[in-house]
Structures are given as C-alpha cells and as structure tokens.
Trainee: 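Before we start, here is the structure in question, set down as structure tokens.
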Amino acid sequence: MVGVSDGHMSAPAPTSARTRVGRPLLSLALASMMDEVHAHSGAVYLLAAGEPVLEMAVMAGLPRTFAAPWERVGLSAPIPVAQAVRERRLVWVGGEQEMAHRYPRIAVVLPYPFALAAVPVATPSTVYGAVFVTWPGSHPPELTDRERHHLTAACGRLAMRLERAVQDSRPPYAEPDLLAAAPAGGVAGTLGTVEAARMVARLPYGLCSLDLHGRVSFANAAAAELIGVPVSRLLGSQLWAAVPWLNDPVYEDRYRAALLSQHSTSFVALRPPGDWLSFRLHPSTTGLSVRVGRARAVAEMNRAGPRPGDPPARLVTISQVLSLAGALTEAVGVQDVVQLVADEIAPAVGGQALVVLGAKAGRLHVLGHRGYPDARVVERFDGLPLAEPTPGTHALNTGVPAFFDSREQLEHLYPGRNATPDGFAAWAYLPLIASGRPVGTCVLAYAEPHPFPADERAVLTSLGGLIAQALERALLYDAKHQLAHGLQAALLPHTLPRLPGIDAAARYLPATQGMDIGGDFYDLVPVNGQAAAVIGDVQGHNVTAAGLMGQLRTAVRAYTTVGQPPEEVMRSTNRLLIDLGADLFASCLYLRLDPGRGRAVMARAGHPPPLLRRPDGRVRVLDLAGGPLLGIDGSAVYPTTEVELAPGSVLVLYTDGLIESPGVDIEDALADLGQRLAEAGDRPLDDLADELVGRSGAARERIDDVALLLLRADG
C-alpha cells in the first residue's frame, strides 16, 4: 500500500518494514462502517505501491466473485471507487437505473436493484484508497445526512489509522474477507433444535439452505426427492454445479440477484424429461433459504416440454450481454453500429424494429433504421429539434430511458403521436450518453404490447450505455474518414485535362489501414502543345504525408509551367523538399510527352519503373536512369531517358502500393501486372485502369495507398 500526496505517489515503505498490522484494521473498520449505516456489503481498496491502481484489500457481506472484475482498477477507470479517489468526494449511486446510466460497465455485470456509496480514504494531504458499501434495492434513492456523515467520518478515521500504521512501518495488507461462517454440519446445529429439524422433514415441499457462496448447507428429504439428487451429494456443493439440469447462467444469476438486492427471487426450471419445478430464493445477510416445489401451472402448459422457437426464460443472460458488449467494440463506422444493433441486440431483447438517432446542432438526425416497412415513418425524426416534446428528445435531454408498454400509454403522454402511427405496440427509448455528452437515442419497437419489468429495464439501459460508447467511437471514425477523403480529394486532380494526341486515365486507392489518406499523387499538365505527367509517393500515409504531397504536386506544376526541363524540375523539387525540413522522403517519376514526335523524356527519383505496352501487345519494363529519392541530397542530379512512344502505345505509371502485397515477391507481382497489361491493353483506358487496380493484390488489404496513371498515344 502507498499513499498519494498532493496528486503524486509517495515512496513505499522499506521492504524490511512491511510487516502485518497486529489487528485486522481494515476488516474491523469496514464491519463497523457497514453496521453504522446498515449496509449490506462493502469493500476496502488500497492504492498499489508505485502505480495508479486500486487493489481490493478486504470485502464483506458478499463473495468476492461478485466484484471479481474490479479487484484491481486503475484510478482513471469509470467506476465509483476510482471516481471517489480522483475527485476526493463521496460518490452516490441511488439504484439500478442510475448505475446503468452512469456506470454501464458495472450494470452489465450486476443488473440488479442495489444502491452504492464510494468514499475516499484520505487525510487532508494523502489519499490511501477508497471504500464502497452497498444497500439492497429497497434503500431510498437518496443518501441520508446521517449515512453521509457516518461514512465520511469513518473513512476519515480509517485514513488516520493508516497514516499512523505507515509512520510506524506497519503498512496494512489484504485481509480475509468477512463472510458469515457456514452452518455446522449437523441438521440440529443448522436449525437450532432437533424438533425444528423434524418439522422441516415433515413439510411436503423441499427446503434448502445456501451459504453466501451458493453452497448447500442443508436440504430436506423432499428437496432431494424433487431435485433427484441425494442429500449427501447436495451438501457442500453449489446447487447449479451439483444438479446438471440447473447448470445454466440464468439460475446462478437469480442467486446473485437475490443476494445483492436482498429481494426474494424465483425461477422455474425443467427437470428432464418433463417435470417443471419452481425455486423461490429468500435471502438474508448470511445466506439464502430456497423453497422447491412443483410448478403445476407451468407443467400443465408444457406437458410436451419446451417447443422449438419458445422465447428464453430471461430476456438476456449476463454472458449474452458481455458477448454483445464485445461485439460492439468491433464496430468501426456508424453503419456498423446500426447493423450490429439490428442483427444482434434487437433480436436478443425481443424488438422487431429500431431507429438510431444522432444529436447534432440541436437537432435529431436518423443515423440508421431497420424493421420499418415504410421508411417515411422514420423520416419524421430527421431534423427534429431537441426542444420538440417527443419521447426520443425527452429521453436524450434528461438522460433517463422511457419505456411504453402499449400504444395507449405512449399516446396518453404524447397525444400528437397518434397522428403518425408506425404500426408497433410498445417502445423503449434509450438515451445514448457517452463521456457525459448526449450522442443520440436508440428506439426499440415491439410488434405486441410488451411489459418492461425492472430487470429488463436495467439490461436495456446498460445496453444503451454500451451502444452510446460504440456510437461515439463510430461518429469520430466517420468524421475522420470524411476529413481524410475530403483532404485527399482536394489535393488530387478532380479531372485530367483533355490534351491533343494523348488519352489519359487515373485511379487512386487509399490504404485500408490507418486514416485512408496517403502521400501518393499524380498530375497531368499541358505545356505549349506538349504535356507533362508526374506520379510520386511521399513516405507515409497520414495527414503530414498528404499535406507534403500537395506541396510537391503544386511545386512540380509550377516548375513545369515556367518551362523548366524534366531534369531541372526534379532538381528544383528535390531542393524544395529539403528546404521544407519535413524529414520525409518522396519517390517521383516525371516525363515530358511530345505526341507529335512520338517521344517521351523521363526523369526518375527512386520510383518504380514504368511499363510500356507497344501497339503489337508486347510489354516491357522501362529501365530508366535516375537519382536518389527526393529530400535526401540537395546536390543530387536526375539524368533523363528518351523513350519512343508510337501511336497506340500505353504508358503505365504507378506507385509501389500497386505491386507490393504481404508474402508476394515484387518481381512476380510486376510480371503479373505486365501480363494483365498485355492481355487487356487494347481496352478503353478507364476499363484498363479498373482491370489493373481491381485484380491486384492491393485491391483487398492495402498496407499502402495506390496511385495509377495511364497514358495512351493516339494513333
């Protein structure tokens, strides 16, 4: 353990001095604190030595598995104990809906009704850790002044004790968790008297006693007979582990819900082949009593067992929610999020249609929808002011989800809604709030009236938080994507000029990794009855490379316009790149075309050699003289090569992204490009360009961007 003073970590105590405190300081302080405020469970966290991490030192009232995902948490984590330390204040969460709204990661794992308070353990100068305590869902939504005072005072006293312990070179360590001891092995010891045991044995229904870990500590004969497992096999085992047909996360979830909320819960399970049993769980702070009986009503309705297509007993299991959360992390763009919600989340929660709305400039905008036969029904949301009194805007403005079991309930609160029916009968409006900022609203629609019990509302609210985080990332990605494409489009020629004696076509493909923007460029410039063509590749595929590419393209065009010969254009561009001090290099191929004479003069700076297809269909790689990459040597020279360009000949200028693919030899790729050019070279240039870029290895996964410029001498 180490304290944090004035925002910085202090040095840990010497190793030789790190001995255990004589009394269980943390356990006693936590037990006293929970007793003062009548809390149900709690834990003490201490700051780890040398790192901004909170480590759970002791937990009370519940098995540690309930808080397993948060045994070690970073100070920046979006959970109450970390926030309490960061802000040095008490953090209060009044119930399951508030938990789902503010801390969706916790609500996904623990979608149960409970209240929580987190308090920093700190002196005026040093933070040592934090404490959280929880109450059942029956706790009022607000923390009383008495509870607030007791919690802050107790944590202050604990901080003073920790400070003295550290000063005495007795830093505290983790302590055994505080759980009620398992009942004694005998039945009489468990129930208090032999007569009580006899009474329980005579009951016509089954009774089991579970400890806080879910282990069976007592079961009467009726329970064993109903479940079909001897008492000897049940004792000491978790019920869902000892009974194969109870080994389902849904049933374990009911146990967790009962313990954390301290509310009775129940479920119905099918004992093969066709017996339905009901389980009623009655919790206390020491464990659970379970009543087992025959579910006759269910049995009558299901004599043939469950039918194919029957809905699951529970809306969404914990494992399903976690799976959906993992899937949302893989969504990239906004339409990916909409597709994922439509394909996986809406069916999982029973919805038949959905609309995802984004909030921008004070209005709602439809980002995507599924399941509506008439798209015009959805279009009415587009451009709707956030001040408009609708369920979607109200949910977004307040941050509170809205659930409507039926059309009558919705139209009672929003009478104008009946003027634009959508054909559905129940709705869930989930506000999408990410990083404290409204992102939009997700509307789930149901074909039939649909009640929304408390646990279902908690799950939907939690999913809304996860959707919001995925949507926020997707909106940012799409904005960057649009910026990249806009910048690239602005820097490259919109069209190629029509020049006498020359037919031209060009293609540009961004890299599939990174920002979809790069430093590849091309241009075609008319020069006194001739033409100049250039293609180049600035190192990297990011905004810096794209910006430098724009400067080089402008420079080449300027040097060409003033009449510099090819070798001088290359030398001037090289000196400019060095003068800019960009620490980036560029390859370049520049040529001056004279269609009247059937000649082309070329200069090359470290660029891949062009291909020339002659009118007879033969293809050759032009071995041009050249110099080093631009931006390396200010005194470099770039000799030129004159090439015959007969009518019907095709010049192929390209960047290395066209022929470079992982695992493919570059010589083989160049030979394949030449073969395709030989076969398709007589086709119109636009068709030929599509053929060359569409069938290359770079057409699938591109680690680099691709530029292609085709020039044909007209016959």
Side-chain angles (χ1 to χ4, degrees), residues 505-514 518-522 533-541 545 570 584-591 600-632 636 638-646 648-683 685 687-712:
R507 294 292 184 270
Y508 173 80
L509 298 176
T512 56
Q513 303 175 15
D520 287 14
F521 66 97
Y522 59 86
V534 63
I535 192 165
D537 183 2
V538 177
Q539 175 188 6
H541 40 92
M570 295 292 274
L584 292 177
F585 307 134
S587 68
C588 187
L589 176 65
Y590 180 90
L591 57 138
V601 179
M602 306 184 185
R604 186 164 69 104
H607 199 81
L611 299 181
L612 174 64
R613 184 187 188 274
R614 298 183 182 277
D616 59 7
R618 289 183 299 166
V619 175
R620 59 178 286 222
V621 179
L622 298 181
D623 185 16
L624 306 178
L629 293 168
L630 302 178
I632 293 179
Y638 297 91
T640 60
T641 303
E642 186 172 291
V643 177
E644 180 183 356
L645 196 62
S649 300
V650 178
L651 268 174
V652 178
L653 316 181
Y654 57 92
T655 56
D656 54 9
L658 184 67
I659 57 174
E660 288 185 353
S661 296
V664 178
D665 184 80
I666 195 167
E667 296 294 335
D668 293 340
L670 190 59
D672 179 65
L673 179 64
Q675 179 65 31
R676 285 185 281 118
L677 175 61
E679 294 171 356
D682 291 328
R683 295 165 60 178
L685 280 194
D687 293 346
L688 177 59
D690 292 337
E691 170 72 17
L692 296 183
V693 299
R695 288 182 52 192
S696 70
R700 295 176 291 275
E701 287 293 326
R702 296 183 297 275
I703 60 175
D704 198 1
D705 44 344
V706 174
L708 175 70
L709 179 61
L710 303 181
L711 303 169
R712 174 180 282 152

Trainee: Between T655 and H607, is there a side-chain heavy-atom distance shorter than 4.5 Å?
Mentor: yes

Trainee: Please name the pair of heavy atoms, one in Y590 and one in M570, separated by the smallest distance, quoted to 0.1 Å.
Mentor: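 Answer, listing the atom of Y590 first, then M570: CB-SD, 3.7 Å.
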
Trainee: Are V693 and Y654 side-chain neighbours, meaning at least one heavy-atom pair lies under 4.5 Å?
Mentor: no

Trainee: Looking at every non-hydrogen atom in both residues, tell me the closest pair between C588 and V534 and how far apart they are.
Mentor: SG-CG2, 3.5 Å

Trainee: Walk me through whether L651 and L591 qualify under side chain to side chain contact (heavy atoms under 4.5 Å, CB included).
Mentor: CA-CA 11 Å; L651 268 174; L591 57 138; 3.9 Å; yes

Trainee: Go through L611 and L670 one step at a time and tell me if the side chain to side chain contact (heavy atoms under 4.5 Å, CB included) criterion holds.
Mentor: CA-CA 9 Å; L611 299 181; L670 190 59; 4.2 Å; yes

Trainee: If you round to the nearest 0.5 Å, how far is CG of L708 from CD1 of I535?
Mentor: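 Between atom CD1 of I535 and atom CG of L708 there are 6.5 Å.
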
Trainee: Could you go through residues 617-628 and list every donor-acceptor pair under 3.5 Å that involves a side-chain atom there, pairing it with any protein atom two or more places apart or in another chain?
Mentor:
from	atom 1	to	atom 2	distance (Å)
R618	NE	D616	OD2	2.9
R618	NH2	D616	OD2	3.2

Trainee: Quick one: does L645's side chain get under 4.5 Å of L612's, heavy atoms only?
Mentor: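 Contact flag for L645/L612 side chains = yes.
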
Trainee: Looking at every heavy atom in both M602 and P610, which two are closest together, and how far apart are they?
Mentor: SD-CG, 4.2 Å

Trainee: Can you tell me how far the OH atom of Y522 sits from the CG atom of L710, to the nearest 0.5 Å?
Mentor: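 Reported to 0.5 Å precision, the distance equals 11.0 Å.
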
Trainee: State whether the side chain of R712 and the backbone N or O of G681 hold a donor-acceptor pair below 3.5 Å, judged by distance alone.
Mentor: yes

Trainee: Which pair of heavy atoms, one from R507 and one from A689, lies closest together, and at what distance?
Mentor: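 Answer, listing the atom of R507 first, then A689: CG-CB, 3.7 Å.
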
Trainee: Which atoms form the tightest heavy-atom contact between A533 and L711, and what is the distance?
Mentor: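 Nearest heavy atoms, A533 then L711: CB-CD1, 3.8 Å.
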
Trainee: Give the minimum heavy-atom separation between L658 and L692, together with the two atoms involved.
Mentor: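 Closest approach of L658 to L692, heavy atoms only: CD1-O, 3.9 Å.
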
Trainee: Return the CZ to CG distance between R604 and L629, rounded to the nearest 0.5 Å.
Mentor: 10.0 Å

Trainee: Measuring only between side-chain heavy atoms, which start at C-beta, is V652 closer than 4.5 Å to R613?
Mentor: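 No; the side chains remain at least 4.5 Å from each other.
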
Trainee: Give, for atom CZ of F585 and atom CD1 of I632, the distance between the pair rounded to the nearest 0.5 Å.
Mentor: 5.0 Å

